[in-house]
Amino acid sequence: MYSYLCSFHTADLDRKGFLVSMDASELDILRHSTAHVMAQAVTELFGDVKLAIGPTIEDGFYYDFELDHTFTPEDIEKIEAKMKEIAKRNLPIVREEMSSEQAEILFEELHQPYKVELIRDLPGDTVTVFKQGDFIDLCRGPHCSYTKKVKHYKLLSLAGAYWRGDEKNAMLQRIYGTAWGTADELAAYLTRLEEIAQRDHRKLGRELDLFSLPEELGPGLVVWHPKGAILRGLIEDFLKEEHKKRGYDFVVGPHIMKTSLWKTSGHYQTGYPMYFFDIEGQEYGIKPMNCPAHILVYKSQPRSYRALPIRYFELGTVYRHERSGVLHGLLRVRGFTQDDAHIFCTRAQMEEEIIGVLDFAFHCLRTFGFDEYEVMLSTRPEADKTVGTDENWELATNALIAAMEHHGIKYTVDPGEGTFYGPKIDVKLKDALGRLWQGPTIQVDLNLPERFDTVYYGDDNAQHRPVMIHRVVLGSMERFIGALIENYGGQFPLWLAPVQAVVAPVSEKAADYAADVYKELRGAGVRVELNDKNETISSKVRDAQMQKVPFTLVVGENEAADGTIAVRDRSGQDRRGVKAADFIEEVAAAVRDRS
RNA sequence: GCCGGUGUAGCUCAGUGGUAGAGCAGCGCACUCGUAAUGCGCAGGCCGGGAGUUCGAAUCUCCCCGCCGGCUCCA
């Protein structure tokens, strides 16, 4: 498939599978040097600049600065021009090793307090600095040999960023950029950014009339329009069917619950971002999670070990007070519906249950066109920040690992990134453009069973604590559909397309026949629309294409005469003389195998 | 929440102190048309909200709100 690779000596594929002229480490070096050249340009242009950090990131780099001047978009052009000039000077980039003390003195003299702080925190007693002309930066390197190598780059955006990512620290100004080995690669990357913008679910959501987030409603609150609601309904129907197959019981809880319940669960005390309000002197909270209700269902009667595992499923709508600055289309909202389930089982059953959940999750994801994943195991944070015994943490973590190994899943460990109440597995999905999205999460909960004193009776007739596994498969409807829209670029497969076909009469002469075809298809369960506007057929075809409708069914006098339809698909392929019944079967077949 | 940007018709966007504009979408009329835009016409705006400066504000200033790009946080 990649046989043409041979013609590229140092050719490599980048992380998203695109052919690039440099391997990952060469690109990394180039980008790092580009960041230095940018920092030099900023320093030369604005004088008193305090440099923070300037690492490489996926596809590029950034550098954080502190200075009195506030960057404007116009400054970006000036900085790019200055970078070009610096590159042209072709300064040698020289590595120098020095003792930490020397370096500290050097950067004190240069009025670079952030660098001094970095040096103090670095292990070892020597550091390296890199010099190009008058510009000196603390840096591990390596770098390109000359500034001239820095050629194909573009500064992309300005942003604020806290020093060391801590909001208690000073807000710095960050400039993001990208850099590549050749002009073509840079151009390809910029084209790719364009493509990503074209697929933006917020843009497609509006254009395809799927959903909106009206200002009148409040930030982060979604209304689903008819077409979006069809899409969402199809996904929910699929989920319900799959959960039934896999032995889940459906439960339903209310949206508001007394604050005392949130005190029992601990959400109240830990300052979970909830909404609280008062009813007749009694304080209530809107649920940010579904678990307490599920636990109360569990606790509604004594449970025997024979009844376990118990799996409760709910498409549970929750509300969380997300900080205003983090809201983003469907991907980060304040009200959302999780495909949430809680599994209560014995310790001995835990591993098998997790195996089942993983199997379930991957089956669902493949159905929606996600075939590549990255899996992360998040382990226990510092012990004093967590609940639960060492033994239980170990047991839970081992069960997660064993289940992944059972499936032969390659995973990376995110040490200390588990929740305070237990370890978890996060699955990230890779979409059509190679981007990662948050997907299934499986968490073992060592906290709530204790807090709610959840028990079952064992064969020894004694009370035991069940293991509680909290898991979502698609995550939330909102976030998942956002990802789905971008993954398909709005071109949903037939089984998910809100409108599967548009009947487009060529002229009024075929209007009656078109109406008949429309009724026949609708009667057969095809999601079909009739475009009987007083417009040309070209215009109707165009409308359907723009709406990314899978099939446009053109009917004119010819079709009316022999009782057929002309089927045009989204790629522009046209099949004439198709019987409506055959088309209906074709659609039904695709819906059956979800394609 | 914080830093920066931004907000004009349903959508995309012009309009830098002197009576609010275009294209598309919508509605009407004509045309009756064969696979990505037929023509003509008509409607449509508290220029995000509030306060101020000014004879006069979409335009200048301040406050608030939303959105966008990030930081932090997360399904």
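Since this is a predicted model, take the numbers as computed values, not measurements. Note on naming: letters A, B, ... go to the chains in the order of the sequence lines (proteins, then strands), and numbering restarts at 1 for each one.
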(message) For Lys540(A) and Val502(A): C-alpha separation, side-chain torsions, deciding distance, then whether side-chain contact (heavy atoms from CB on, under 4.5 Å) applies.
(response) CA-CA 9 Å; Lys540(A) 293 176 188 182; Val502(A) 171; over 6 Å; no
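- Looking at Arg479(A), Arg199(A), Arg435(A) one by one, the single match for salt bridge (charged side-chain N to carboxylate O under 4.0 Å, His left out) with Glu486(A) turns out to be Arg435(A).
- Ring orientation note: the planes of Phe362(A) and Tyr373(A) are tilted relative to one another, at an angle of 30° to 60°.
- Within 4.0 Å (heavy atoms only), Ala566(A) reaches at least one base atom of the nucleic acid.
- Applying the 3.5 Å distance criterion, the base of C71(B) shares no donor-acceptor pair with the side chain of Arg174(A).
- Atom NZ in Lys540(A) sits roughly 14 Å away from atom P in A25(B) (whole-Å rounding).
- Contacts of residues 498-509 of chain A with RNA chain B (heavy atom under 4.0 Å): Val506(A), Ser507(A), Glu508(A), Lys509(A).
- Proximity note for Asn534(A) (side chain, C-beta onward) versus G34(B), G66(B), C31(B): the nearest is C31(B).
- The distance between atom CG of Leu331(A) and atom P of C68(B), rounded to the nearest whole Å, is 10 Å.
- Checked against G34(B), G4(B), A75(B), the side chain of Ile537(A) finds its nearest nucleotide in G34(B).
- In this model, no side-chain donor or acceptor of Glu216(A) finds a partner on the base of G48(B) within 3.5 Å.
- In this structure, Gln198(A) atom CD and U12(B) atom P are separated by 13 Å, rounded to whole Å.
- Closest approach to the Tyr176(A) side chain among A36(B), G70(B), C73(B) is made by G70(B) (side chain taken as heavy atoms from C-beta onward).
- In this structure, the CD atom of Glu74(A) is 15 Å from the P atom of G4(B), given to the nearest Å.
- Looking at Lys78(A) and Glu74(A), no side-chain N of the basic residue comes within less than 4.0 Å of a carboxylate O on the acidic one, giving no salt bridge.
- The side chain of Arg202(A) places an N or O atom within less than 4.0 Å of a non-bridging phosphate oxygen (OP1 or OP2) of G69(B).
- Nucleic acid contact for Thr70(A): sugar-phosphate only, since backbone atoms but no base atoms lie under 4.0 Å from a heavy atom of the residue.
- No side-chain heavy atom of Thr419(A) sits less than 4.5 Å from a side-chain heavy atom of Leu446(A).
- Taking only side-chain nitrogens and oxygens, Arg206(A) comes nearer than 4.0 Å to OP1 or OP2 of U12(B).
- Protein atom CD of Glu559(A) is 14 Å distant from nucleotide atom C1' of C33(B), rounded to whole Å.
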(request) Apply ring pair (Phe, Tyr, Trp, His ring centres under 6.0 Å) to the pair Tyr63(A) and Phe61(A), showing each step before the final yes or no. (result) CA-CA 7 Å; Tyr63(A) 212 116; Phe61(A) 59 89; 8.9 Å; no
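- Comparing C2(B), A37(B), U35(B) against the side chain of Arg542(A) picks out A37(B) as the nearest.
- For the OP1/OP2 pair of A36(B) and a distance below 4.0 Å, the side-chain nitrogens and oxygens of Arg568(A) include at least one atom meeting the criterion.
- Closest to the side chain of Met171(A), from the set A75(B), C2(B), U72(B), is C2(B).
- Here Gln545(A) lies in heavy-atom contact (under 4.0 Å) with a base.
- Note on Glu207(A): nothing from the nucleic acid sits closer than 4.0 angstrom, heavy atoms only.
- Residue contacts for Gly475(A): at a heavy-atom cut-off of 4.0 Å it reaches the sugar-phosphate backbone alone, with no base atom in range.
- Nucleic acid contact class of Asp340(A) (heavy atoms, under 4.0 Å, all strands): none.
- Gln173(A) comes within 4.0 angstrom of no nucleic acid atom, judged by non-hydrogen atoms across all strands.
- Ring-plane geometry between His294(A) and Tyr312(A) is classed as perpendicular, the angle between the planes exceeding 60 degrees on a 0 to 90 degree scale with a lower cut at 30.
- The side-chain ring of Phe71(A) is not stacked on the base of G4(B), judged by centre separation under 5.5 angstrom and plane angle under 30 degrees.
- Among the protein residues, Val333(A) comes within range of the nucleic acid bases, having at least one heavy atom under 4.0 Å from a base atom.
- For Tyr268(A), the OH atom is loosely surrounded, since the number of other residues' heavy atoms within 6.0 Å does not exceed 12.
- When distances are taken from the side chain of Ser538(A) to each of A36(B), C65(B), G69(B), the shortest belongs to A36(B).
- One cannot find a donor-acceptor pair under 3.5 Å joining the base of G70(B) and the side-chain atoms of Tyr162(A).
- Comparing C31(B), G34(B), C71(B) by their nearest atom to the side chain of Ala161(A) picks out C71(B).
- No side-chain donor-acceptor contact under 3.5 Å links His470(A) and Gln443(A).
- Contact record, Ala161(A) with Met171(A): N-SD, 3.2 Å, taken as the closest heavy-atom pair.
- Within 4.0 Å (heavy atoms only), Val472(A) reaches no atom of the nucleic acid at all.
- The base-pairing partner of G39(B), taking Watson-Crick or G-U wobble contacts with both distances under 3.5 Å, is C29(B).
- Closest to the Arg479(A) side chain, of the nucleotides U72(B), G34(B), C74(B), is C74(B).
- Of all non-hydrogen atoms in Arg471(A) and Val473(A), the two that sit nearest each other are NH1-CG2, 3.3 Å.
- Across all strands shown, Glu322(A) has heavy atoms under 4.0 Å from base atoms, whether or not it also approaches the sugar-phosphate.
- Residue His328(A) has no polar side-chain atom (N or O) positioned under 4.0 Å from OP1 or OP2 of G70(B).
- The distance between atom NZ of Lys533(A) and atom P of C24(B), rounded to the nearest whole Å, is 13 Å.
- Between Thr552(A) and the phosphate of U35(B), there is no side-chain N or O to OP1/OP2 separation shorter than 4.0 Å.
- Going from atom CD1 of Ile565(A) over to atom P of U35(B) covers 18 Å, rounded to whole Å.
- For Lys203(A) and C11(B), the shortest distance from a side-chain N or O to OP1 or OP2 is not below 4.0 Å.
- With hydrogens and angles ignored, no donor-acceptor pair under 3.5 angstrom links the side chain of Ser539(A) to the base of A37(B).
- Taking the side chain of Lys424(A) as heavy atoms from C-beta on, and the options G70(B), C33(B), A75(B), the nearest nucleotide is A75(B).
- Across the protein-nucleic acid pair, Leu221(A) atom CG and G66(B) atom C1' stand 13 Å apart, rounded to whole Å.
- Looking at heavy-atom distances under 4.0 Å, Gly325(A) makes contact with a base.
- Comparing atom distances between the Ala159(A) side chain and each of C33(B), G69(B), U35(B) picks out G69(B) as nearest.
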